[in-house]
Number of protein chains: 2
Amino acid sequence: MRDRGFGGPNVCALVGISYRQLDYWARTGLLEPSLAPATGSGSRRLYSYGDLVELKVIKRLLDGGVSLRAARRAIDFLRQNLAGDLSSVNLVLDGKRSILARSGEEIVDLLAGGQGVLNIVPLGSVLRELDAAIVELDERRPVQAGETADPAGSSEGGTPRLDREA
Amino acid sequence: MRDRGFGGPNVCALVGISYRQLDYWARTGLLEPSLAPATGSGSRRLYSYGDLVELKVIKRLLDGGVSLRAARRAIDFLRQNLAGDLSSVNLVLDGKRSILARSGEEIVDLLAGGQGVLNIVPLGSVLRELDAAIVELDERRPVQAGETADPAGSSEGGTPRLDREA
DNA sequence: CCGGCCCACGACAACCGTGTAACTACGGTC
DNA sequence: GACCGTAGTTACACGGTTGTCGTGGGCCGG
């Protein structure tokens, strides 16, 4: 089941970032938890599976040498272009625009015509790695309390989020 | 003739960066002018054509959202792998390693096998854009004094530099 | 009700990269 | 030899990102 929520520290372990980063990103609006935002000290953020995907993409970008600023733009784009099946798509950035490329040829075309730098993120591998991390986490620490997605009000019509559709 | 040198401010105009950046990069060792380093206040840095190429690559990377830190790694690599004809090569970074890819297929292969982000810089377009900028500069301001490469001691055996070999 | 634990929050420090501006030294001219 | 423009030098400031640490509020077991 990927419908449950994930707590802050667990998220950090899953995507491989520090809590400080997760916190900072939430505060600065890069990625607020879609299941439950923080409501003052003592509360708990609850992240959805889609959130995890986005976070992992950001992490990939940072590892690839992309600045957080550029990553913000990339995520903004990604949120608005949720192609059906993410697992076979590549996220391509060229500094200005962003594109979702389905085939390798498409990328070669971009290379031929474009004059800028291209940053390419194969989303398939992101999903695979994330899923692997989740099962590994569940093995070590079999699903705890407070992780069932449904914090009272469950009909939110906010920003569209990523979701698996393979 | 691309054998002449270029002064600091001219370099800024050519590659499209601020003087502050050029200065900072020179001081922090990202790219020191290969023809003549700064020797105290009042002196003048003199950049070679190869320097300009590297600078333009850096500029491209920054525009593409790559952090300066990653750009440093990229340039380090580029210095050590001067393939003969740059104009048909793509510089590919994956965060860890760097590669020079000659064909589009090569990149597709990398995409298939790799799991990280790829940053791709088509060097051909860099050279083209740079050359165009140089001729445009010469038109507006026909070659001034102090730009002939040969600051007294001309037999430097330092770090290998990029050079056009098309 | 009490004691702990988890975790958001706040404040601070540090680093990097860049902008701005004043200062200074060199090279040329008159 | 004094003047002046050019350009490197120095100092300061600022925004963005992350690390560290102490605080305090909520939740749960006893």
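Hydrogens, waters and symmetry mates are skipped; everything else that's a heavy atom, side chains included, is used. So you know, we letter chains A, B, ... as the sequences are listed, proteins then strands, and number each from 1.
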Name the closest nucleotide to the [X] side chain, picking from [options].
{"X": "Y24(B)", "options": "dG8(D), dC9(C), dT18(C)", "result": "dT18(C)"}
{"X": "R20(A)", "options": "dG8(D), dC12(C), dT17(D)", "result": "dC12(C)"}
{"X": "P9(A)", "options": "dG16(D), dT18(C), dC7(C)", "result": "dC7(C)"}
{"X": "R44(A)", "options": "dG8(D), dT18(D), dC7(C)", "result": "dC7(C)"}
{"X": "R72(B)", "options": "dC9(C), dT6(D), dG17(C)", "result": "dG17(C)"}

N/O (side chain, Y19(B)) to phosphate O (OP1/OP2, dG8(D)) under 4.0 Å: yes
N/O (side chain, S18(A)) to phosphate O (OP1/OP2, dG19(D)) under 4.0 Å: yes
Nearest-0.5 Å distance that lies between atom CG in L130(A) and atom CG in L55(A): 9.5 Å
Round to the nearest Å and state the distance from [X] atom [atom1] to [N] atom [atom2].
{"X": "R27(A)", "N": "dC7(C)", "atom1": "CZ", "atom2": "P", "result": "15 Å"}
{"X": "D63(A)", "N": "dT17(D)", "atom1": "CG", "atom2": "C1'", "result": "15 Å"}
{"X": "I17(B)", "N": "dG19(C)", "atom1": "CD1", "atom2": "C1'", "result": "14 Å"}
{"X": "L22(A)", "N": "dT17(D)", "atom1": "CG", "atom2": "C1'", "result": "14 Å"}
{"X": "L68(B)", "N": "dG15(D)", "atom1": "CG", "atom2": "P", "result": "20 Å"}
{"X": "E32(B)", "N": "dG8(D)", "atom1": "CD", "atom2": "P", "result": "14 Å"}
{"X": "L46(B)", "N": "dA7(D)", "atom1": "CG", "atom2": "P", "result": "11 Å"}
{"X": "Q21(B)", "N": "dG19(C)", "atom1": "CD", "atom2": "C1'", "result": "10 Å"}

Does L35(B) reach the side chain of F6(B), with side-chain heavy atoms less than 4.5 Å apart? no
Any side-chain heavy atom of R79(B) sitting closer than 4.5 Å to one from L31(B)? yes
Just checking R69(A): base, sugar-phosphate only, or nothing, at a heavy-atom cut-off of under 4.0 Å? sugar-phosphate
In terms of heavy-atom contacts, does CD of E105(A) have more than 12 from other residues, nucleotides or ligands at under 6.0 Å? no
Before giving the answer on salt bridge (charged side-chain N to carboxylate O under 4.0 Å, His left out), spell out for D76(B) and R72(B) the whole-Å C-alpha distance, their side-chain angles and the decisive distance to 0.1 Å. CA-CA 6 Å; D76(B) 281 348; R72(B) 288 182 196 274; over 6 Å; no
Closest-nucleotide ordering on DNA chain D, the 5'-leading residue of G40(B) and S41(A): G40(B)
Assign each of W25(B) and G42(A) the nucleotide of DNA chain C bearing its closest heavy atom; nearer the 5' end lies the nucleotide of G42(A)
